[in-house]
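Everything on this sheet refers to the single structure shown next.
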Protein chains: 2
Amino acid sequence: MSEPLRLGIAGLGTVGIGVVKIVQSMPEMLAERTGRTIEITAVSARSRDKDRGADLSGYAWEDDPVALAKRDDIDVFVELMGGDEGPAKNAVEAAIAAGKDVVTANKALLAVHGQALAEAAEAAGLRLRFEAAVAGGIPVIKALTEGLAGNRIKRVMGVMNGTCNYILTRMQDAGLDYQTVFSEAEALGYLEADPTLDVGGIDAGHKLAILASIAFGTQVDFPAMQIEGIERVSIEDIELAAEMGYRVKLLGVAQMTGRGLETRMSPCLVPMASPLGQLEGATNMVVLEGDSVGQIVIRGAGAGEGPTASAVMSDIADIARGFRLPTFGAPASALTRARAATSTAPAPFYLRMALADKPGSLAKIATVLGNAGISIDRMRQLSHTDPSAPVVIVTHKTPRQALDEAIAAMDGTGVLTAAPVALRIEEV
Amino acid sequence: MSEPLRLGIAGLGTVGIGVVKIVQSMPEMLAERTGRTIEITAVSARSRDKDRGADLSGYAWEDDPVALAKRDDIDVFVELMGGDEGPAKNAVEAAIAAGKDVVTANKALLAVHGQALAEAAEAAGLRLRFEAAVAGGIPVIKALTEGLAGNRIKRVMGVMNGTCNYILTRMQDAGLDYQTVFSEAEALGYLEADPTLDVGGIDAGHKLAILASIAFGTQVDFPAMQIEGIERVSIEDIELAAEMGYRVKLLGVAQMTGRGLETRMSPCLVPMASPLGQLEGATNMVVLEGDSVGQIVIRGAGAGEGPTASAVMSDIADIARGFRLPTFGAPASALTRARAATSTAPAPFYLRMALADKPGSLAKIATVLGNAGISIDRMRQLSHTDPSAPVVIVTHKTPRQALDEAIAAMDGTGVLTAAPVALRIEEV
């Protein structure tokens with residue numbers, strides 16, 4: 001058996017402690033599977049005194065994660081602090097400069113600085129691994145980078161923020177409005193310190209940006225993504241969608257089109273009977289589509305101590321086994337800068353409007369849609385007591401731009417009593 | 001860039017041709033992803049003259065797969081012939097003896113001879129890889145062996161024979177009986193030459209035996225598995241199960257219990273709303289449960305040219321990248337021989353009986369069940385025109401043995417007019 005693989009772990013929150021527990025609890029099994037003993041040499045966190053429910057007395061302590069990253073007695077720097085700047089970035093850069101392999105769960109760091117970090121690591125012959133950064137326990141980085149290595153990837157989709165899916169599912173099940181469920185989720189501690197990271201779609205967007213880079217051999221480009229959060233999803237839309245056989249999901253979609261790389265994260269309608277439509281609670285789901293393999297759907301826990309630690313351990317085991325592959329599946333130096341494309345592929349849309357309750361209102365809206373070349377698949381005018389009449393339309397496939405232009409034109413008719421809601425219906 | 005990786009492909013059916021097409025169609029992408037050019041040097045199949053829809057003129061031809069396996073100009077022997085004895089076994093053994101890495105899609109070969117082949121390959125420092133042998137395009141071997149390397153595996157389940165799932169789904173959807181749908185499937189060419197391999201649960205059993213070996217660090221032991229096929233699943237049972245919220249699936253389950261390793265392949269009832277219950281048509285699904293990761297569910301195409309070739313290419317890419325790990329995830333020499341256990345864990349069961357239509361029949365059955373300590377969760381007596389009354393019972397959790405003893409005791413009451421049908425209800 002080879003020399004032990006020595007870990008330095010920075011960040012002792014739930015995930016860090018989860019990794020400590022796995023390493024401590026199954027040493028023989030890990031050694032048998034990887035051919036090496038896996039040891040923790042040193043750890044670092046903000047507060048040394050806190051009781052974390054694991055025995056850390058056998059490990060050296062560093063107050064400074066950068067100092068940990070540079071220690072001579074570690075082989076792999078395990079970054080579990082989070083954040084796209086500051087200590088996490090400094091420590092990962094220091095680890096690479098000191099010749100250490102790096103395992104991280106930090107999606108924000110990778111989405112923002114992934115290209116530069118990958119170039120630095122690969123130039124130094126080091127590994128930078130991040131299975132835990134995307135969809136928690138789901139081994140999706142491995143599936144895409146290795147399992148589907150013989151495919152041209154066509155499309156990647158995913159529900160990758162458990163908190164958002166919890167909120168949307170709970171709204172649906174209990175018939176509660178967004179603000180009520182948001183407050184519940186906050187009270188339960190489900191939200192990030194800055195909740196916009198969750199409900200604004202940013203956390204899920206970071207994950208999608210990473211997947212898109214691997215899928216399409218392009219440099220990770222988070223700023224190019226079109227992002228819309230779930231803050232404006234109403235219980236009315238959830239219930240109307242359900243009546244028409246759909247669920248509302250915060251869905252990320254990445255696909256290469258003739259015009260460039262399209263990456264978007266937004267609330268979409270998906271068929272209730274599809275795997276994505278049936279995904280409930282905080283669970284994550286990723287859909288990978290390749291030209292040979294067809295569609296692969298993977299479901300699992302997207303967060304939490306055990307699942308995320310499992311993903312971190314997968315990277316550690318791969319390093320112990322001696323696996324080497326480029327950070328994003330192809331050499332960082334070979335990744336192209338994708339031209340970012342907004343979505344032009346026609347899709348059906350769900351469109352909810354409130355119309356002035358007077359003769360001819362609906363005719364005016366229908367005329368606008370007709371003039372824009374948008375045909376109507378289904379329409380419902382709902383009974384109402386308000387002075388304005390709620391109308392829901394499901395369009396046939398239309399480019400988003402045509403719909404946006406039609407919505408702008410509707411404004412000129414004077415029959416809208418509120419801004420329309422338009423949600424894409426994704427074919428899954 | 002390193003030297004090219006040279007493949008010798010034995011077997012040019014749909015999967016073999018699928019691999020040829022991938023290698024021919026994306027050479028730059030494969031080279032970028034793996035760091036090596038991947039080339040085909042030589043091929044072998046039964047008939048040289050057949051038009052296979054791919055240009056093979058650039059490759060050396062061998063009539064004999066053993067001769068192909070020994071060629072000096074190949075690095076990897078790709079076995080896509082099938083069969084657990086004969087040419088496939090001889091050629092794989094010859095390849096290992098000649099110092100070649102091996103990639104195979106042959107579940108039967110691995111289920112029967114996997115331990116011996118793994119020992120031979122590992123003793124010679126060679127790789128024996130088989131992603132395509134289990135669940136087609138689903139990268140489940142990789143997920144289990146690498147993605148979940150930091151987990152103690154609790155349970156592995158799967159619907160892994162697409163033909164059986166097609167038959168069961170079609171029976172359900174069209175209300176047709178088994179024999180009618182079997183004949184349809186045969187006419188459509190969905191069945192193996194020996195259909196027992198499919199409908200008898202043997203093909204799916206081979207796959208489960210391989211997964212169990214990896215999951216529990218045990219020697220692959222196909223003969224120890226309890227196997228029951230779908231031949232006796234009736235449309236009555238499918239329809240009655242549906243009325244109670246269940247679907248009938250040919251489900252493989254492997255779990256380590258205090259009494260040993262339990263592996264069984266049998267028609268089971270699963271909740272309609274579960275991922276397994278919602279699996280339709282020829283699609284496969286595998287469920288992996290680990291102590292840290294929780295439950296991972298993966299769905300994808302279980303067969304076909306593209307999906308299976310994608311899995312073969314995943315193994316080839318790993319070899320090109322230089323990955324090395326033991327055949328079954330831990331060294332073959334360290335795998336233990338598991339004690340095979342029959343299922344003793346209590347489960348709910350679906351029990352359909354035909355009772356003589358006379359007073360007291362049901363009371364006698366209920367008494368037998370009560371005496372066996374089996375309590376009834378739900379019961380329905382169905383309206384009928386026959387002289388015998390169909391009765392369906394869903395039991396509370398009970399050991400299978402208690403149920404079998406109760407069924408034997410029912411026989412003595414003289415009220416059964418046909419043998420009862422008992423199907424396990426699996427909690428998923």
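Here is how names work: the chains are called A, B, and so on, in the same order as the sequence lines, proteins then strands, and each is numbered from 1.
With chain B as the partner, the residue from A/G290, A/P307, A/G217, A/G294 showing the most heavy-atom pairs under 4.5 Å is A/P307. Chain A forms the most heavy-atom pairs under 4.5 Å with one residue out of B/G136, B/G147, B/G300, B/G137, and that residue is B/G147. For the options A/V297, A/L148, A/D315, heavy-atom pairs under 4.5 Å to chain B are most numerous at A/V297. Taking B/I316, B/L288, B/V286, B/T145 one by one and counting their heavy-atom pairs under 4.5 Å with chain A, the maximum is reached by B/T145.
By the 4.5 Å heavy-atom criterion applied to side chains, A/I298 and B/I296 are counted as neighbours.
A/G150 and B/I22 make their closest contact through O-CG2, 3.5 Å (heavy atoms, listed as atom of the first residue, atom of the second, distance). Closest heavy-atom contact between B/A143 and A/P139: CB-CG, 4.2 Å. Counting all heavy atoms, side chain and backbone alike, B/L30 lies closest to A/A149 at CD2-O, 3.7 Å.
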Considering only distance and modelled atom types, tabulate donor-acceptor pairs under 3.5 Å from the side chains of residues 323-335 of chain B, sequence neighbours left out.
unit_1	atom_1	unit_2	atom_2	d
B/R324	NH1	B/G125	O	2.8
B/T327	OG1	B/E122	OE2	2.8

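Both the backbone and the side chain of A/I138 come within less than 4.5 Å of a heavy atom of chain B. Contacts between A/M26 and chain B at a heavy-atom distance below 4.5 Å involve backbone atoms as well as side-chain atoms. Of the two parts of A/D318, only the side chain, counted from C-beta on, holds a non-hydrogen atom closer than 4.5 Å to a non-hydrogen atom of chain B. For A/S25, the parts sitting under 4.5 Å from any heavy atom of chain B are the backbone and the side chain alike. Looking at A/T308, there are no atoms closer than 4.5 Å to chain B (heavy atoms on both sides), in backbone or side chain.
Among the residues in residues 271-281 of chain B, those with a non-hydrogen atom closer than 4.5 angstrom to a non-hydrogen atom of chain A are B/P275, B/Q278.
For the pairing with A/E146, the salt bridge (Lys or Arg N to Asp or Glu O under 4.0 Å) check across B/K142, B/R33, B/R129, B/R321 returns one residue only, B/K142.
Between B/K21 atom NZ and A/S292 atom OG the span is 9.5 Å, to the nearest 0.5 Å.
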